[in-house]
Student: 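First, the structure itself, so that you have it in front of you.
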Amino acid sequence: MGANLGRLLLRVTVGSIFIEHGTQKLFGWFGGHGPSGTGQFFESLGLRPGRRNAIVAGIAEAGGGTLLVLGLATPAAASAVGSVMVTALRTAVWRDEIKVGTGGYELLLLANAVAIADSGPGPVSLDALLGWERRGARWAAAALGGALAGSALAIAAGRQPAEASAEESASGQRGEAETTAATS
């Protein structure tokens, strides 16, 4: 009973933190800045368009957190929330390098999500009720791998429009200069 209670408590606590994080981004709840404010911050990190990335991160956190609380699709839920934490570590916390003493919150949430994938959601979960419970080192590794891949995709996608936007801006400025020169 103790291990089962511990897994339930861990799932509900970690999942609830992610639900709060996600709804801060999506709706501005719990003192959050909503998609526009969070989007401006994401823009400053090079994740463009910021609003779109804020919404995607919010869905990953709130949705993944909800799945963790319910104990449903646990490895996928751990991967979803983990991808946001890896992205936060790479873009906001450890921008230039890994620094000892920083990123503790994000790193702990990532480690907890992977640990939940490893231990499984337990018997008080929808995964167990439906006979879908997946757990163990392979599932934890898959959750971590999915988190790393999701982060890499988010960062790559977030940086592409910035480059395209800069090219369009430069092209537009050249076109304006050419038009001005031709009319002078």
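Residue numbers count from 1 along this sequence. Values below: every heavy atom of this structure, side chains too, minus hydrogens, waters and symmetry copies.
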Student: Would you check if L109 and I17 make a side-chain contact, meaning some heavy-atom pair closer than 4.5 Å?
Tutor: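 When only atoms from C-beta onward are counted, I17 and L109 do touch, with a gap below 4.5 Å.
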Student: Taking side chain to side chain donor-acceptor pair (under 3.5 Å) as the definition, give me every residue that meets it alongside N112, ordered by chain and number, with sequence neighbours left out.
Tutor: none
Student: Enumerate the ring pair (Phe, Tyr, Trp, His ring centres under 6.0 Å) contacts for residues 100-129, please, sequence neighbours excluded, ordered by first and then second residue.
Tutor: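 Listed once each, the pairs are H21-Y105.
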Student: Got a list of side-chain donor-acceptor pairs under 3.5 Å for residues 128-136, not counting sequence neighbours?
Tutor:
unit_1, atom_1, unit_2, atom_2, d
E133, OE2, G122, N, 3.3

Student: Is there a side-chain contact between V69 and S16 in this structure, where contact means two heavy atoms from C-beta onward sitting under 4.5 Å apart?
Tutor: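 The answer is yes, as the side chains (C-beta and beyond) meet within the 4.5 Å cut-off.
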Student: In the hydrophobic clustering that connects Ile, Leu, Val, Met, Phe, Trp and Tyr at side-chain heavy-atom distances below 4.5 Å, which members other than L26 occupy its cluster, ordered by chain and number?
Tutor: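 Via sub-4.5 Å side-chain contacts, L26 links to F27, W29, F30, I55, I59.
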Student: Can you measure from CG (L148) to OG (S79) and round to the nearest 0.5 angstrom?
Tutor: 8.5 Å
Student: Is a donor on one side and an acceptor on the other found under 3.5 Å between the side chain of D127 and the backbone of A73?
Tutor: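 Answer holds: yes.
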Student: Any side-chain heavy atom of R159 sitting closer than 4.5 Å to one from I155?
Tutor: yes
Student: Going by the salt bridge (Lys or Arg N to Asp or Glu O under 4.0 Å) test, which pairs reach into residues 78-89, not counting sequence neighbours?
Tutor: none
Student: Between the side chain of R95 and the main-chain N/O of T91, is any donor-acceptor distance below 3.5 Å?
Tutor: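 Confirmed, R95 side chain pairs with T91 backbone.
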Student: E106: which residues meet the salt bridge (charged side-chain N to carboxylate O under 4.0 Å, His left out) condition with it, sequence neighbours left out?
Tutor: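 Applying salt bridge (charged side-chain N to carboxylate O under 4.0 Å, His left out) to E106 gives none.
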Student: Mind checking what makes side chain to side chain contact (heavy atoms under 4.5 Å, CB included) contact with T38, not counting sequence neighbours?
Tutor: K25, H33, F42, A54
Student: Strictly by salt bridge (Lys or Arg N to Asp or Glu O under 4.0 Å), give each pair with a member in residues 28-45 just once, sequence neighbours left out.
Tutor: E43-R48
Student: To the nearest 0.5 Å, what is the distance between CG on L5 and CG on L10?
Tutor: 11.0 Å
Student: Which Ile, Leu, Val, Met, Phe, Trp or Tyr residues join V56 in one cluster when any pair of side-chain heavy atoms under 4.5 Å counts as a link?
Tutor: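 ILVMFWY cluster around V56 holds nothing else.
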Student: How would you list, by chain and number, every residue that makes a side chain to side chain contact (heavy atoms under 4.5 Å, CB included) with A92, sequence neighbours excluded?
Tutor: F41, L45
Student: Kindly write out the residues that satisfy side chain to side chain donor-acceptor pair (under 3.5 Å) with T87, not counting sequence neighbours, or none if the list is empty.
Tutor: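 Listed in chain order: S151.
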Student: Taking the side chain from R11 and the backbone from L68, do they hold a donor-acceptor pair closer than 3.5 Å?
Tutor: yes
Student: Within a strict 4.5 Å, meaning less than it, do heavy atoms of the E20 and E61 side chains meet?
Tutor: no
Student: Just jot down the salt bridge (charged side-chain N to carboxylate O under 4.0 Å, His left out) partners of R51, sequence neighbours excluded, or say none.
Tutor: none
